[in-house]
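Everything numeric in this text was worked out from a predicted model, so none of it was measured.
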Protein chains: 4
Amino acid sequence: MSKHVLAQNQYGKAENRIVKITRKGEGGAWHEIRDLNVSVALRGEYRDVHLTGDNANCLPTDTTKNTVYAFAKEHGVDSPEAFGILLAKHFVSSQAVIHEAQIRVEEFTWERIPVATRKEQHSFVRKGQEVRTAQITYSQDTGRLQVISGLKDLTVMNSTNSEFHGFIKDKYTTLQEAYDRILATKVTARWANAASAAADAGHDWDRSYEKVRRHMLEAFAETYSYSLQQTLHAMADRVLDHVATVNEVRLNLPNKHHFLVDLEPFGLKNDNEVYFAADRMYGLIEGTVHRDGVQPVIATSDWITA
Amino acid sequence: MSKHVLAQNQYGKAENRIVKITRKGEGGAWHEIRDLNVSVALRGEYRDVHLTGDNANCLPTDTTKNTVYAFAKEHGVDSPEAFGILLAKHFVSSQAVIHEAQIRVEEFTWERIPVATRKEQHSFVRKGQEVRTAQITYSQDTGRLQVISGLKDLTVMNSTNSEFHGFIKDKYTTLQEAYDRILATKVTARWANAASAAADAGHDWDRSYEKVRRHMLEAFAETYSYSLQQTLHAMADRVLDHVATVNEVRLNLPNKHHFLVDLEPFGLKNDNEVYFAADRMYGLIEGTVHRDGVQPVIATSDWITA
Amino acid sequence: MSKHVLAQNQYGKAENRIVKITRKGEGGAWHEIRDLNVSVALRGEYRDVHLTGDNANCLPTDTTKNTVYAFAKEHGVDSPEAFGILLAKHFVSSQAVIHEAQIRVEEFTWERIPVATRKEQHSFVRKGQEVRTAQITYSQDTGRLQVISGLKDLTVMNSTNSEFHGFIKDKYTTLQEAYDRILATKVTARWANAASAAADAGHDWDRSYEKVRRHMLEAFAETYSYSLQQTLHAMADRVLDHVATVNEVRLNLPNKHHFLVDLEPFGLKNDNEVYFAADRMYGLIEGTVHRDGVQPVIATSDWITA
Amino acid sequence: MSKHVLAQNQYGKAENRIVKITRKGEGGAWHEIRDLNVSVALRGEYRDVHLTGDNANCLPTDTTKNTVYAFAKEHGVDSPEAFGILLAKHFVSSQAVIHEAQIRVEEFTWERIPVATRKEQHSFVRKGQEVRTAQITYSQDTGRLQVISGLKDLTVMNSTNSEFHGFIKDKYTTLQEAYDRILATKVTARWANAASAAADAGHDWDRSYEKVRRHMLEAFAETYSYSLQQTLHAMADRVLDHVATVNEVRLNLPNKHHFLVDLEPFGLKNDNEVYFAADRMYGLIEGTVHRDGVQPVIATSDWITA
């Protein structure tokens with residue numbers, strides 16, 4: 001018998017790719033699609049599974065996969081968040097040994113290929129821009145339901161209105177001050193929704209997603225920036241100002257460096273026209289902004305101080 | 001001295017990432033961007049470079065990189081094709097030892113983040129859909145200029161109007177005939193442009209790109225399909241019908257399988273609603289269609305029978 | 001002024017790729033290499049940077065990059081952990097505004113291409129197996145130095161001695177019980193080192209890495225498994241049993257499913273010989289095992305309950 | 001009816017991932033594994049499939065997949081080449097409409113985790129170095145069988161004994177001459193086997209693979225290099241000198257640049273010790289070397305002049 005302690009553990013089926021078609025209109029001619037990647041993680045009484053080979057408490061990961069597909073048929077997919085809430089609550093209520101369930105969803109979005117000559121609309125092209133994300137956690141013990149929405153891979157650029165200067169110079173500093181630079185980043189954003197939104201069966205998750213996305217983009221575009229940190233803060237701040245159901249925003253912003261190419265050796269002046277877009281290394285700026293009085297809940301890579 | 005034969009060889013700098021900003025309008029307030037990944041390959045008299053360590057004929061790959069950036073300043077970037085033609089002709093004419101140059105370009109496209117409150121427009125979000133491609137080859141010996149345009153990573157889906165049946169059944173066949181299935185693919189397309197277009201300094205490459213793309217999407221959407229091969233042919237055929245400057249189209253279409261999930265074990269009927277989107281294995285359908293009387297030039301993975 | 005709260009934030013240069021050559025022996029003929037990917041994150045007094053555009057407290061990410069390269073020259077690279085400790089302590093001590101620094105390192109390993117005919121040994125082939133990882137965090141406020149070592153992308157397989165049965169059957173369960181299956185996984189492991197090891201300038205990090213790696217592999221190979229959870233526990237347990245300086249092990253084990261192909265339609269019996277190796281979906285098993293009496297510190301995707 | 005011409009076309013199931021276990025020794029206690037990714041492409045009489053929706057000539061891609069798995073059981077997997085030859089010949093002989101078949105194989109290799117305490121040996125760790133490749137093409141019309149072997153992702157480095165100077169300087173040249181630099185590349189190699197080897201049922205493909213690989217590595221290590229082109233040629237030449245059944249070698253060698261970091265601003269001398277390993281852009285050197293009198297058959301990205 002192990003003399004060591006089994007601490008946090010979880011398991012489930014990850015990356016269940018599911019496409020759900022819904023037919024609407026006369027004769028079901030109008031198709032709508034939701035295209036998801038759903039991951040399930042269960043937490044609970046799994047000591048024996050780990051220590052003795054007794055699987056009596058173990059719901060197979062294969063079953064969690066089946067449940068995802070069956071739920072899409074039984075309940076539809078209203079939104080990543082709504083679908084995740086259904087699943088998380090189901091797992092926790094279905095077996096006493098499951099104390100907590102976490103569902104993670106990625107959504108890939110599509111737009112229509114319009115076909116003027118027919119009533120039927122069932123042709124799509126993948127939008128290919130950001131991936132929408134959601135993480136839903138439901139705990140039996142506390143009854144707490146946490147819904148964190150988000151997006152990733154949204155790449156944005158300002159070709160001017162960005163400066164960076166007045167920084168610390170130590171013995172390893174060679175960076176020149178910049179008074180006009182490109183600012184580009186690939187946004188990963190997560191935002192924690194108020195418990196009231198999570199508890200509201202009528203909450204319009206698609207609409208709040210569009211609002212958050214739009215305010216982040218506008219704040220990025222409209223902020224005259226003295227650092228990517230400042231832009232990060234402006235983006236998060238704007239969301240909290242305009243979307244009442246969001247309590248906390250965390251942004252992860254790699255600085256996609258665009259270096260002005262030195263063309264002087266060729267007798268050319270590069271007046272902020274020609275840039276080299278670099279891959280690595282890159283600045284990485286991360287931060288959380290939240291409403292006064294709420295407890296931040298979105299994971300960071302900080303010390304763990306449970 | 002080697003007793004073996006040095007045959008086809010080429011070299012150059014690959015994947016030069018370049019962003020070109022062009023300022024227009026009053027005070028240069030309106031920014032336009034082109035975001036490219038440019039690869040250079042040179043062919044010529046490189047026997048000594050390979051055999052003796054004598055680099056007298058070798059233009060460094062670093063120089064080919066510098067040339068890409070300098071040309072963006074000196075000549076601008078009108079389109080991937082026009083930029084590639086300039087570069088290919090330059091390399092071949094700049095050094096007698098360079099007999100042929102091939103330029104490959106990928107273009108990443110951006111759309112504006114509109115800011116209503118200001119005249120300046122310099123904020124962008126990466127479109128993230130397909131990547132536009134171009135391959136330009138210029139040969140000094142023959143004076144031939146070949147321009148192959150293309151795109152990749154354009155993912156499309158029809159959620160109905162696709163069947164597949166009547167196929168060969170051999171002893172290894174277990175596939176059921178399908179009378180209503182999802183048809184989805186990630187399009188890689190290349191099309192060869194007529195020599196007259198390549199030679200025409202005023203050819204509007206952006207416009208012809210948009211036309212080819214639109215006709216391919218429409219053909220995909222409008223074709224009632226009995227196989228992905230048939231859809232492939234319809235897409236290529238449509239382009240040749242509508243874009244006079246295109247002589248040949250080659251498509252590479254992975255069949256992104258969406259399998260109907262069996263929900264009967266759970267007492268549910270899956271009426272073409274819930275699908276599993278599979279990664280691998282996948283059908284892969286490739287084909288070339290060209291105008292009568294032209295010689296196909298786009299590379300295949302066929303026998304090489306020079 | 002923002003009425004919201006700026007909470008956890010950090011910044012620095014990520015993915016600084018560095019190769020360090022050390023020459024040993026007569027005439028420096030014996031070369032040794034360390035090939036690292038180093039990321040820096042700084043935490044401290046950055047409120048003004050985010051809110052006012054005042055960068056007086058901001059050490060540029062570019063400077064953190066320069067420091068990584070300069071330190072490789074000044075201090076050498078004894079191991080990922082030792083190098084990370086030097087850097088973390090440097091940043092925190094160099095500027096009062098930096099309260100905490102976190103260094104993350106990936107190491108890519110190489111083996112020699114032996115050349116019998118010469119004394120000089122400076123030719124290498126990348127080993128290409130697992131990537132070694134390290135995360136070092138140093139806090140000025142508490143003086144705490146935390147060193148988490150690890151590895152990722154170590155893919156292992158047992159072609160028998162794995163069963164899975166006796167699990168819960170609910171209405172969504174269709175999985176058959178398995179009495180002989182392939183068990184394969186791609187190991188991501190992190191282990192927390194005792195504070196005494198981190199404080200010991202003479203600690204042999206390479207040796208402890210090799211020990212942990214070996215014991216994990218052996219435990220994987222020697223465990224007759226009734227679930228991947230049980231194998232996970234055995235691997236972590238074995239490390240704690242054999243490596244005194246390790247206090248905690250966390251494993252992330254995707255179940256790389258190998259499905260027995262049904263060959264009966266072709267009149268063939270598949271006696272555990274021919275498998276389909278699937279990509280997605282996959283079971284994902286995660287867990288922490290630690291010594292009795294220590295506080296686990298390795299991040300999980302659990303509730304954040306600071 | 002289309003007035004355009006359907007030219008080269010092919011189809012089949014790509015990326016069939018298959019693991020084959022073979023049991024040897026007393027009680028089958030000694031397991032051997034082959035881990036492959038097999039792609040099938042068929043060429044033949046497919047005009048109707050493309051033009052009319054008539055699938056009477058179409059063997060489903062699903063059937064080609066089934067055949068791969070069934071053949072692994074029926075015939076075993078002696079080597080990627082031998083397995084590919086079996087499959088290519090089968091498809092061409094099985095249906096009159098199939099005129100040519102091309103099989104592409106990737107092989108992932110594993111090494112044993114030794115367990116001293118037991119006779120049974122069935123535990124493996126993925127080697128993770130290069131991927132072995134093979135492309136087999138069989139044509140019914142000509143009876144020609146072509147076997148191209150290869151590898152990819154084999155990363156090698158010389159930390160000295162590489163120079164580059166004496167090159168062309170044009171107006172865009174800024175590169176400094178180098179008299180001691182790192183030379184690193186990620187090898188993609190393909191080699192065409194003599195028809196006699198392909199026709200020899202007893203040809204030891206594993207042994208010839210090991211020989212080619214070893215000679216390429218040794219030539220890389222032992223060549224004092226004045227350019228990557230020279231190293232490329234030496235590698236190909238060495239293979240042709242030592243492996244009689246190989247007629248042609250084509251190498252694709254990206255120059256993985258390692259830039260010496262300028263440490264002078266920090267008062268440090270960088271005596272070829274600290275390098276930045278860059279991702280993009282990179283030099284790309286490609287070339288074919290073949291025996292005198294043979295016709296090269298390995299695809300290039302050259303003009304297609306059929």
> Is A:Lys3 salt-bridged to C:Asp237, cutoff N-O under 4.0 Å?
Replying inline: no
>> Before you tell me yes or no, could you show the steps for C:Tyr46 and A:Gln229 under side chain to side chain contact (heavy atoms under 4.5 Å, CB included), namely the whole-Å CA-CA distance, both residues' side-chain angles and the distance that decides it to 0.1 Å?
In response: CA-CA 9 Å; C:Tyr46 299 120; A:Gln229 284 90 331; 6.0 Å; no
>> Heavy-atom pairs under 4.5 Å with chain A - which of C:Gln230, C:His50, C:Lys65 has more of them than the others?
In response: C:His50
> If you look at every heavy atom in C:Asn55 and A:Tyr226, which pair is closest and at what distance?
Replying inline: ND2-O, 3.0 Å
> Would the number of heavy atoms belonging to other residues, nucleotides or ligands and lying under 6.0 Å from NZ of C:Lys73 be above 12?
Replying inline: yes
> Which pair of heavy atoms, one from C:Glu286 and one from A:Gln10, lies closest together, and at what distance?
Replying inline: OE2-NE2, 2.8 Å
>> Working note: C:His90 + A:Tyr172, criterion ring-ring contact (aromatic ring centres under 6.0 Å, His included); need CA distance, chi angles, decisive distance, verdict.
In response: CA-CA 12 Å; C:His90 162 76; A:Tyr172 297 112; 5.8 Å; yes
> What residue, out of A:His257, A:Arg250, A:Lys169, A:Glu248, has the most heavy-atom pairs lying under 4.5 Å from chain C?
Replying inline: A:Arg250
>> Regarding C:Asn66 and A:Thr174, do their side chains bring together a donor and an acceptor under 3.5 Å, going by distance alone?
In response: yes
> Given a strict heavy-atom distance threshold of 4.5 Å, which part of C:Gln95 is in contact with chain A: side chain, backbone, both, or neither?
Replying inline: side chain
> Looking at A:Leu232, A:Val97, A:Leu284, which makes the most heavy-atom pairs under 4.5 Å with chain C?
Replying inline: A:Leu284
> Top residue by heavy-atom pair count (under 4.5 Å) with chain A, among C:Thr231, C:Leu253, C:Leu175, C:Asp279?
Replying inline: C:Leu175
> Which distance, rounded to the nearest 0.5 Å, do you find between the OG1 of A:Thr67 and the CG of C:Asp170?
Replying inline: 5.5 Å
> Any side-chain heavy-atom pair from C:Pro296 and A:Gln8 closer than 4.5 angstrom?
Replying inline: no
>> So for C:Tyr224, is it side chain, backbone, both, or neither that comes closer than 4.5 Å to the heavy atoms of chain A?
In response: neither
>> Among C:Asp48, C:Thr61, C:Asp62, which residue has the highest count of heavy-atom pairs closer than 4.5 Å to chain A?
In response: C:Asp62
> Most heavy-atom pairs under 4.5 angstrom with chain A, which of C:Leu59, C:Thr64, C:Asn9, C:Asp292?
Replying inline: C:Leu59
>> Can you tell me which portion of A:Tyr69 sits under 4.5 Å from chain C's heavy atoms? Options are side chain, backbone, both or neither.
In response: side chain
>> Checking A:Glu15 now: which residues fulfil side chain to side chain contact (heavy atoms under 4.5 Å, CB included) with it, not counting sequence neighbours?
In response: A:Asn37, A:Ser39, C:Arg280, C:Tyr282
> Which bit of C:Lys171 is near chain A, if near means a heavy-atom gap under 4.5 Å: side chain, backbone, both or neither?
Replying inline: side chain
> For the candidates A:Arg17, A:Glu163, A:Arg291, which exhibits the highest count of non-hydrogen atom pairs separated by less than 4.5 Å from chain C?
Replying inline: A:Arg17
> Which bit of C:Lys13 is near chain A, if near means a heavy-atom gap under 4.5 Å: side chain, backbone, both or neither?
Replying inline: both
> If you count heavy-atom pairs under 4.5 Å with chain C, which of A:Gly293, A:Ala14, A:Ser227, A:Gly12 comes out on top?
Replying inline: A:Ala14
> Partners of A:Ser93 by side chain to side chain contact (heavy atoms under 4.5 Å, CB included), sequence neighbours excluded?
Replying inline: none
> In terms of heavy-atom proximity below 4.5 Å to chain A, should C:Val40 be classed as side chain, backbone, both, or neither?
Replying inline: neither
> Who wins among A:Asp241, A:Asp54, A:Val294 for the most heavy-atom pairs under 4.5 Å with chain C?
Replying inline: A:Asp241
> Is it the backbone or the side chain of C:His165 that comes under 4.5 Å from a heavy atom of chain A, or both, or neither?
Replying inline: backbone
> Of all of C:Leu6, C:Asn255, C:Val49, which one pairs up most often with chain A through heavy atoms under 4.5 Å apart?
Replying inline: C:Val49
> What residue in A:Gly53, A:Cys58, A:Ala41 has the most heavy-atom pairs under 4.5 Å with chain C?
Replying inline: A:Cys58
